[in-house]
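Heavy-atom basis, side chains included; hydrogens, waters and symmetry copies ignored.
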Amino acid sequence: MMKTHAAHPNTLALMEAWKRLAENDAAALDGPIASDYPGIVDRLFILQRASKGDYSFRTAGDEVQRLAGRDLTDQNFLGLWHAPDRALVDAALETVIADRGPTLIHARGETLHGRTIGIEIALAPLNLGRSEQRTRLLGIYQPLVSRRVLGERPVFSHKVLSIHPPAPERVRPRLRIVASNG
């Protein structure tokens, strides 16, 4: 499980819900519900991995699309990022799939007029089966301050401030005992 590094309450709520569902925890249905976190649904999105470097939005909440200033359906998530950061974000997405755990990206969103906003993006796999099957990612796009600081301008580009990948699964050594009575 990723370390949360003082994540926003909405991000923490989503990651805790994902963890309960991933562990098939019977308490998952008894946990917090969306109405406990106003606006969280409008900040959610789902990515579909078609191939390495191609992570298209299948759906995106209203707040995500408002901040982007456009309909994101079928657009590549990597296209939102400042060119030098695309490889970092691509590697983070591949790690989510390979390690079957969530990752957290702290970023700075910038408008064409130079206004900036802190953004937190958490991503987690929706299918925990074989890696070929883990092609969809659930994400939350959480501004860290009011979007009013942008002056109603859309976020044009994102720059990575930090990436917190999932902790790798611990591989426990398997011990085989062979007895020879010969």
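Looking at L93 and L78, their side chains come closer than 4.5 Å, going by heavy atoms from C-beta outward. Inter-residue side-chain proximity for D54 and N76 is flagged as met; some heavy-atom pair is nearer than 4.5 Å. Annotation: side chain of E110 is not in contact with side chain of H82 (no heavy-atom distance under 4.5 Å). The shortest distance between side-chain heavy atoms of L72 and Y141 does not fall below 4.5 Å. Looking only at side-chain heavy atoms (C-beta outward), I105 and L88 stay at 4.5 Å or farther from each other. The side-chain heavy atoms of P84 and K159, taken from C-beta on, include no pair separated by under 4.5 Å.
Taking all atoms of both residues into account, the shortest heavy-atom contact from G109 to V155 is CA-CG1, 3.6 Å.
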* Any chance you could lay out the side chain to side chain contact (heavy atoms under 4.5 Å, CB included) test for F45 and L123, step after step, and finish with the verdict? => CA-CA 9 Å; F45 61 91; L123 297 142; 3.7 Å; yes
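Judged purely by atom type and a 3.5 angstrom limit, H164 has no side-chain atom pairing as donor or acceptor with the backbone of L104. Using a distance-only test at 3.5 Å, with no hydrogens or angles considered, no donor-acceptor pair links the side chain of D99 to the main chain of G101.
Aromatic ring orientation, F77 versus F57: perpendicular (interplanar angle above 60°, classes split at 30° and 60°).
The list of side-chain hydrogen bond (donor to acceptor under 3.5 Å, both in side chains) pairs with a residue in residues 84-96, not counting sequence neighbours, reads R49-E94, K52-D90, Y55-E94.
Within a 6.0 Å sphere centred on CZ of R153, other residues, nucleotides and ligands contribute 12 heavy atoms or fewer.
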